[in-house]
Every structure is written in structure tokens, then in C-alpha cells.
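Note on naming: letters A, B, ... go to the chains in the order of the sequence lines (proteins, then strands), and numbering restarts at 1 for each one.
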There are 2 protein chains.
Amino acid sequence: MNTPAAFAAQTQSRPYPMSMKYLCHALTLGFSLAILTSVSVGDEPVFPHKMPEAKPDIPMSSAMQRMFDYPAPRVQDNELFSQFKYTRLKGFDYAGGDGTISRRDPSRPILVDGVYHVYYTKRHTIVPPIGWNRAAEATDEIPSTDWDLAEIWHATSKDGFTWEEQGAAIRRPAKPNPGWRSVCTPDILVWKGKYYLFYQAFVEPSGLKGDWCPVSVSYSDSPDGPWTHGGDSVIPFGKKGEWDQDATHDPQPIVRNGKIYLYYKAAYNKWPELRNKYAVAHGLAIADDPLGPYTKHPLNPVLNSGHETTYFPFKEGVAALAIKDGNERDTMQISKDGVNFEIASCLSLTPTAAAPYTPDAFTDTKDGRGVTWGLSHFINAGRPGKGYSIIARFDCDLSLDVDKPSFKSTGIWHKPDVYFQQGLRPGDHPEGR
Amino acid sequence: MNTPAAFAAQTQSRPYPMSMKYLCHALTLGFSLAILTSVSVGDEPVFPHKMPEAKPDIPMSSAMQRMFDYPAPRVQDNELFSQFKYTRLKGFDYAGGDGTISRRDPSRPILVDGVYHVYYTKRHTIVPPIGWNRAAEATDEIPSTDWDLAEIWHATSKDGFTWEEQGAAIRRPAKPNPGWRSVCTPDILVWKGKYYLFYQAFVEPSGLKGDWCPVSVSYSDSPDGPWTHGGDSVIPFGKKGEWDQDATHDPQPIVRNGKIYLYYKAAYNKWPELRNKYAVAHGLAIADDPLGPYTKHPLNPVLNSGHETTYFPFKEGVAALAIKDGNERDTMQISKDGVNFEIASCLSLTPTAAAPYTPDAFTDTKDGRGVTWGLSHFINAGRPGKGYSIIARFDCDLSLDVDKPSFKSTGIWHKPDVYFQQGLRPGDHPEGR
């Protein structure tokens with residue numbers, strides 16, 4: 001397989017004239033160089049027992065060359081590797097789990113005057129969702145999906161563990177205004193003293209045409225609202241035939257280079273003509289003002305994998321968490337420019353719809369410090385016919401400012417029953433029979 | 001971060017003169033090219049809604065360029081992506097889970113005359129292991145680790161689900177012969193009508209010096225034995241200062257190019273002088289005869305990640321499963337030459353010590369077909385102080401010959417409690433406090 005890394009391996013072993021290359025290695029490796037050159041089998045130097053601090057100047061396999069291009073050659077030292085630990089939140093009522101109340105798609109928490117604020121999709125309906133495939137049967141009171149007939153709600157917390165629900169932030173506007181059917185999947189921007197909520201605004205039950213939906217925005221002088229409608233279709237759909245022709249989902253803004261970088265998600269290669277063949281990618285739209293206009297980056301999409309959007313400033317660039325979908329599912333990614341992302345580590349048990357508390361998301365930092373906790377959701381809190389989602393907390397060490405070795409352990413030791421719950425089902429046909 | 005892929009992105013956009021590049025794309029893309037060039041925002045072509053079959057000739061981000069270098073741009077179409085489904089085996093007794101009986105590190109099953117045979121580490125001791133850190137207290141009857149005081153055992157099955165234990169294949173030789181303390185972690189080779197077991201042979205309790213151990217080999221005319229000792233230290237340790245100076249673990253042979261390709265694992269950067277700083281890599285040693293001599297590949301190590309060894313022929317090359325350790329943990333990898341591996345997909349809930357049934361492992365195939373099931377182990381079947389491991393079955397679709405859509409789904413929907421079991425522990429210090 002001719003991966004980019006394979007290509008790089010073929011070409012980059014001699015990216016500089018030898019003299020310059022030697023100079024670079026000599027400066028960075030120092031004593032290590034002397035050790036390295038002393039280890040050899042016959043005439044061939046052998047990779048050393050002590051991990052070199054930089055790529056050694058010896059013949060190496062593709063994998064070992066690549067190892068030195070990660071944030072650290074040892075994953076335990078990699079500032080963009082972490083395990084994730086989960087805590088059930090206190091303070092949210094779910095009607096005994098009957099499926100009529102659902103909370104999901106949390107915004108990143110923001111800290112204002114010592115209080116954390118979060119905004120999220122809340123569905124409170126007379127019955128649980130009847131399902132994507134039955135969207136045509138949805139009514140003004142019966143939801144198709146878990147995010148149909150939803151509103152944006154607001155909760156606060158002193159510690160990030162116990163939350164107090166404050167009420168609706170964005171209610172559904174009157175029909176036929178965008179969002180009359182559902183407003184959901186919010187994220188927050190703080191810009192010049194004002195607060196902006198970006199969210200999806202549905203004009204039909206999700207599922208009718210495969211979750212077609214653009215992004216709206218509202219703003220307020222306070223994290224407590226009230227919120228003023230600021231615009232619809234902030235990120236325009238692509239033209240027919242373009243990857244994001246039907247959806248600009250899951251908006252997540254950060255401030256970078258004095259502008260608003262608004263990341264979003266779109267499923268493509270999709271229903272109806274390509275049913276069950278969908279792929280997910282992520283785009284970037286940039287604006288000088290939160291209300292727009294937003295210009296899509298010409299190199300979009302910027303991620304080939306991932307489901308929900310999770311981006312945060314990291315060092316001079318932007319880090320992203322790509323979960324679930326795509327060949328690079330369950331990876332951290334890093335870019336220097338917010339556009340050209342590379343894999344930084346491979347993860348396990350990743351948070352779904354992760355929204356990390358990101359103190360420098362809106363400070364236009366040139367030295368992003370990373371994240372240590374956030375909120376995420378679980379969409380399968382219920383049981384068949386009683387589906388709903390819950391918001392939870394995750395902790396991690398994706399931060400340059402803390403060092404939590406327990407998050408850098410590479411193993412997750414689930415009990416065997418966790419694996420056996422992922423068992424063969426009818427039709428899985430062992431051995432292809 | 002300057003990853004190889006980033007480097008490739010900078011350089012490979014113009015690997016050929018434009019005329020040749022256009023010709024290649026025109027030939028491979030055909031009609032797609034016409035569609036692509038019709039999709040544009042202003043003068044810039046935009047990535048299309050319908051997934052292109054080959055890398056489109058438009059400006060793209062690093063991630064989207066990279067997407068076309070995987071076995072398929074959609075992970076669901078990627079022959080080297082699979083979910084793993086687990087089944088508890090029938091037929092093995094574990095003494096009620098008191099920790100005195102443990103089975104782990106299965107060999108790849110082989111099918112001989114309609115019967116599957118497997119070889120594995122079995123520990124049956126008077127007490128459970130006392131632990132790595134108390135290795136100095138181990139006696140001739142008290143094991144340090146789960147693989148101390150172990151033997152290689154043999155079981156058979158008609159269906160791969162229900163197994164019948166047949167007895168010991170390789171017992172510990174008399175002291176001071178290599179393996180007197182423990183023989184464990186076997187794998188099998190079938191070569192010219194004979195059967196060869198490769199395994200680790202300990203001469204001290206594991207943990208005393210950090211699991212130092214070389215590989216021994218025994219052979220038989222029958223999968224049922226008896227087994228004749230064929231040699232020790234088959235894969236020599238590296239010289240002091242080389243990555244594999246102290247260990248050549250987890251031997252796994254395949255036949256390729258008329259030779260035996262024996263993959264192995266070594267932890268390096270390790271105890272005692274670098275305690276808790278270990279890294280794991282994988283090497284390749286090649287021989288013309290199963291008993292050796294084995295020549296290490298000059299580009300070793302060949303994998304920068306992974307814990308146990310799992311390699312199988314795939315198309316013209318070799319595929320590998322890298323779990324748990326390293327920046328590329330939980331990935332499938334592919335190489336054309338068995339040496340230079342690249343990431344082929346990112347995985348979830350991977351099998352530990354995976355040993356897939358690989359019908360063409362020893363046929364010197366030039367067209368490896370992949371695997372659909374195998375055996376793996378869980379090391380935490382017990383409870384604190386009663387530790388032991390169990391062998392289990394996994395099913396997957398890493399095969400060119402079957403198409404099991406249920407294994408290509410990208411999501412795993414654990415119940416929330418599976419996540420909450422991975423919760424904060426004392427010392428995890430939320431928010432770095």
C-alpha cells in the first residue's frame with residue numbers, strides 16, 4: 001500500500017544534503033549520536049535499547065521512521081495521547097429513563113465568574129423517538145430521532161460534576177422559520193464580550209431526507225441569555241455535487257488569527273441515492289464577525305474521519321479528536337494551520353460528541369495549552385423503544401500544563417464480559433458460512 | 001508537527017510532470033473527472049458529494065489526500081478494517097476462578113484432518129501469582145507472574161467454539177535447561193509435513209530482571225506430539241545497547257518467499273535503569289530452516305507499536321495487528337514486503353494476544369486472503385489476589401473472501417456503565433489539582 005508515510009519513507013531519508021543533515025542531528029542528538037553509532041551488527045547500525053530523543057541517522061523501517069514524527073516517540077510521553085475516564089453527572093432528571101427526556105450534544109463548558117455554563121440539546125416529548133426509518137410518521141408531538149423536536153437548554157455548575165438546569169436558552173421559533181421543527185447540537189463562542197450560540201435548525205423531522213440541516217446563530221450579552229436570533233444558514237450548504245451539499249452540522253467555533261474558525265461536519269456520499277454508503281468529513285468556515293459572512297476554506301474537508309466536531313488550540317496550531325467514523329477513527333489529530341491535520345495518536349474508548357472545557361478557545365492564543373476535562377454524551381442510555389441520551393463528564397490529560405500518568409497508561413482492562421457483550425449476532429456467520 | 005504524511009502532502013502533490021499526472025488521472029478517473037471539474041466555488045474545485053474512486057486531481061487538505069492511500073477511502077469498504085466480536089469458549093475448566101489455573105497466549109489454530117489444534121500457556125499452580133513486583137519471593141511452587149511456572153498445553157476443537165484439552169505439549173525441562181522455570185507464549189509453524197512450536201523459555205521467575213527471555217523451539221511429526229526439543233535462543237538477543245538486548249518474545253512464524261519469517265516482540269528503553277519508561281517494538285528474523293539459523297532483518301524493528309505479535313499474509317504482503325502500546329496502538333498495518341508497515345485502519349476493542357486462524361500462513365502464498373476468526377485472551381478474568389487469564393474466541397472480517405457488513409459498522413455502542421467503570425481514581429486530580 002502506498003500510504004503517504006510510505007512515500008515519505010522513500011523520499012525523506014535524504015531531505016537535506018548530508019552535511020546539513022549531519023549538522024542538525026549533531027546539534028539535537030548530542031551524546032546520543034555517539035551511542036548510536038557504536039551499536040551495530042556487522043556494518044549495520046541497530047536501533048538502540050535507549051529511546052533516542054530524535055530520529056536517529058540509521059537505516060530504519062517505515063514504522064520506526066514514522067515513530068519520531070509523532071509528538072513523542074513513546075506514546076506515554078505524547079501530550080496528545082490520553083485515556084478517558086468517565087463520571088456520571090449529578091443534577092439531571094431523565095424521567096426514570098422512560099425515553100421522554102434526552103440530553104445530548106453538549107457545548108464546550110465556559111467558565112464565567114466562577115461558574116461553568118453548558119448548552120445542550122434537550123428533548124422532552126410525550127413519547128420516545130420512533131426512529132429514523134419512520135420519520136414520515138412523526139407528528140408535531142411525536143419525534144422521529146432523538147434530536148427531533150428538541151430545544152437548546154442551559155445548565156450551570158460550580159465543579160463540572162453537579163449541574164443545575166437553568167431552562168431553555170433557544171426555543172423553537174414559529175413555523176416556518178428555520179428551527180421550527182428542532183434546534184439542537186449547540187456550541188458556544190465568546191467574542192468581544194458577547195456570547196454566541198451556533199446550532200442546527202431543522203425545518204423537517206430528521207430522517208425524512210437524511211438529516212439535512214444548516215446552522216443558525218443567536219447571541220446574548222450574558223451566558224444566562226436572553227438570546228437574540230442572529231441569522232440562519234450561517235454556513236451555506238455546498239452546491240449540488242459538493243461534499244457538503246445537504247448539511248453543515250455540529251458547528252464548533254474557535255478564535256484564531258483574529259478570526260472565527262467555525263468547524264463543522266457533513267455526511268456525504270449519502271442517502272437516498274447512496275443509502276448505507278455514507279462517509280463523514282469535517283469542514284472549516286472562517287469569518288471576521290460571528291454573524292458572518294463565513295468563507296469556506298478552499299481545502300475543505302479538513303478531516304477525513306470523525307463524527308462530532310472537537311477542536312481546540314494546541315501550541316501554535318489546532319488539535320482535533322476524530323471518533324467512530326473513517327479510516328482514522330479514534331485518533332487525535334494535530335495541525336499547525338488548523339487546516340492540514342495529521343494523526344498524533346490512536347485512542348481507545350473515546351468520548352462521543354466530546355466538548356472539552358477549553359479556557360483558551362476564544363483568546364486567539366498562539367500557544368494553546370490543551371484540555372483536561374469536558375462533557376460528552378451516551379446515546380444508548382435507554383433500551384429498545386425507550387431510547388434517550390445522557391450527558392456525562394470525561395477527564396483526560398491532553399494538556400501541556402498537567403502531567404497525570406494514570407491517563408497515559410496504554411492499556412484499558414475491561415472485564416471480559418464487556419467484550420462478550422459485543423458478541424456474535426444472527427447473520428454474523430462465523431467463518432463466512 | 002512534521003509527520004511523514006505532512007511531508008508527503010508538501011511534496012507529493014507534484015510527483016510527476018503534469019502531463020503524465022493528467023494522463024494517469026484521466027485513465028483511472030474516467031467520467032469522475034468530468035464531474036469533479038464541474039464542481040467548483042469560484043475557480044476552486046470542491047471535493048464532491050459522491051466519493052471518488054481514486055484521489056481526485058484537486059487541491060486537498062493533508063487528511064483528504066491521505067484518505068485515498070488507505071485500502072479504501074471509506075473505512076466500511078476497507079478490507080483491513082473490522083470490528084471484533086467475542087465468544088466465551090466451552091470446554092476449559094478454571095477451578096472456579098480461584099486463580100490457580102490460567103490459560104493465555106494461544107497459538108494460531110491450525111486445521112489438520114478436520115480438527116482445529118491450538119497450543120497455549122497454561123499455568124496450574126498451588127496459589128495465584130504473587131505479582132511482578134514480588135518476583136524475588138517466588139518459589140518453585142509460587143509463581144511471580146501469570147506466565148511463571150507455566151507449560152505449553154494443547155487443545156482440539158471441531159468448530160472453534162468448544163475445545164477439548166488434550167494435555168501438555170511442552171513441559172518444563174529439568175533445571176538448568178532453558179525453560180526450567182517456565183515455557184510459555186507458543187506459536188506454531190507447519191513446514192514440510194512437520195510441526196514446530198516456538199515459545200518463550202524462562203530460566204528465572206518473570207519480573208526478577210524485567211521479563212528477560214529468549215525463544216526455544218520443539219518439533220513433531222504430528223500436531224498431537226510428542227515434541228522433540230529443537231533448540232534454544234533461536235532468535236539471539238541483541239548485543240547490549242541494541243533494542244532487543246534482553247528479550248525476543250512472542251514468536252510468530254509465517255512462510256514467505258520460501259523462508260520462515262519469524263516475527264517477535266521486545267520491550268526496550270526498559271527496567272531497571274529506565275523503569276516505567278518502557279516501549280515495545282517488533283522485529284523480524286528470517287531463516288531457511290525452522291531450526292535456524294535466523295538472521296535479523298537489518299531494518300528492525302518493523303513495528304513501532306503493538307503488544308503481542310499478530311501477522312498474517314495479505315495480498316502480496318503481510319498484515320499486522322498492533323494493539324495497546326505505542327502511538328499506533330489499535331491499528332491494522334500492512335506492508336508489501338513484510339518489513340515496511342503502514343497504518344491500514346484504526347480499530348476498537350481489539351483482541352489481546354490475537355491468534356487468528358490463518359489457512360495460508362504456511363503456504364508461501366503470494367495472495368494472502370486474510371482472517372475471519374481466532375483466539376485471544378483476557379488477562380483480568382480474576383479479581384485482586386486471584387488473578388488468572390482466559391482464552392476466548394474473536395470473529396472479524398479481515399478477509400478478502402467474505403463480506404460481513406455487521407463487522408464493518410464503525411460504531412460500538414457500549415452501555416454507559418462500561419465507560420463509568422473506567423472512572424476517576426484517587427490521584428487522577430480533575431483539572432490538574
Side-chain angles (χ1 to χ4, degrees), chain A residues 1 3-8 12 39 44 46-47 49 51 61-64 66-67 69-70 74-75 85-86 88 241-243 245 268-269 279 298-299 302-304 324-327 329-330 334 340-342 345-346 372 378 380 402 406 410-411 413 416 418-420 422-424 428 430-432, chain B residues 1 3-8 12 39 44 46-47 49 51 61-64 66-67 69-70 74-75 85-86 88 241-243 245 268-269 279 298-299 302-304 324-327 329-330 334 340-342 345-346 372 378 380 395 402 406 410-411 413 416 418-420 422-424 428 431-432:
Chain A
M1 199 188 75
T3 67
F7 179 84
Q12 73 179 5
V39 174
E44 292 292 341
V46 172
F47 193 84
H49 183 260
M51 180 72 82
S61 66
S62 301
M64 297 307 279
R66 202 163 61 232
M67 185 168 73
D69 297 317
Y70 289 101
R74 287 179 76 249
V75 70
K85 305 193 179 195
Y86 294 88
R88 195 181 288 273
E242 296 176 358
W243 71 286
Q245 65 175 28
Y268 64 105
N269 201 56
L299 295 184
V302 300
L303 282 191
N304 66 42
K324 183 181 175 284
D325 285 318
N327 284 304
R329 52 195 294 287
D330 286 357
I334 183 72
N340 291 288
F341 286 86
E342 308 296 335
S345 73
C346 297
T372 61
F378 299 119
N380 62 341
V402 301
S406 63
T410 58
W413 305 111
V418 170
Y419 290 83
F420 294 136
Q422 306 293 326
L424 291 172
D428 284 344
E431 303 187 58
Chain B
M1 199 187 79
T3 66
F7 179 83
Q12 73 180 1
V39 174
E44 293 291 343
V46 172
F47 193 84
H49 184 260
M51 180 71 83
S61 66
S62 300
M64 297 307 279
R66 199 162 64 230
M67 184 168 74
D69 297 316
Y70 289 101
R74 287 179 75 250
V75 69
K85 305 193 180 196
Y86 294 88
R88 196 182 288 274
E242 297 176 358
W243 71 287
Q245 65 176 27
Y268 64 105
N269 202 55
L299 295 184
V302 299
L303 282 191
N304 65 41
K324 182 180 175 287
D325 285 318
N327 284 303
R329 52 196 293 287
D330 286 356
I334 182 72
N340 290 289
F341 285 86
E342 307 296 337
S345 74
C346 297
T372 61
F378 299 119
N380 61 341
D395 284 81
V402 300
S406 64
T410 58
W413 305 112
V418 170
Y419 291 82
F420 294 136
Q422 306 294 326
L424 291 171
D428 284 344
E431 304 188 57

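- Per-residue counts of heavy-atom pairs under 4.5 Å with chain A were compared for B/L299, B/N327, B/V75, B/N304; the largest is that of B/N327.
- Ranked by heavy-atom pairs under 4.5 Å with chain B, the list A/A279, A/G326, A/P416, A/S406 is led by A/P416.
- A distance of 7.0 Å separates NZ in B/K85 from CG in A/L424, rounded to the nearest 0.5 Å.
- In this structure, OG1 in A/T410 is found 9.5 Å from CG in B/D330, a value given to the nearest 0.5 Å.
- Taking all atoms of both residues into account, the shortest heavy-atom contact from A/H49 to B/E242 is CB-O, 3.3 Å.
- For the options B/Y419, B/F378, B/F341, heavy-atom pairs under 4.5 Å to chain A are most numerous at B/Y419.
- Nearest approach of B/N340 to A/S62, heavy atoms of both residues: OD1-N, 2.9 Å.
- Taking all atoms of both residues into account, the shortest heavy-atom contact from A/M51 to B/N269 is N-OD1, 2.8 Å.
- Here the CG-CZ distance, from B/L303 to A/R66, works out to 8.5 Å after rounding to the nearest 0.5 Å.
- Of all heavy-atom pairs between A/W413 and B/N380, the closest is O-ND2, 3.1 Å.
- Of the atoms belonging to B/D325, heavy atoms from both backbone and side chain fall under 4.5 Å from chain A.
- Taken from CD in A/E342 to OG in B/S61, the straight-line distance is 9.0 Å, to the nearest 0.5 Å.
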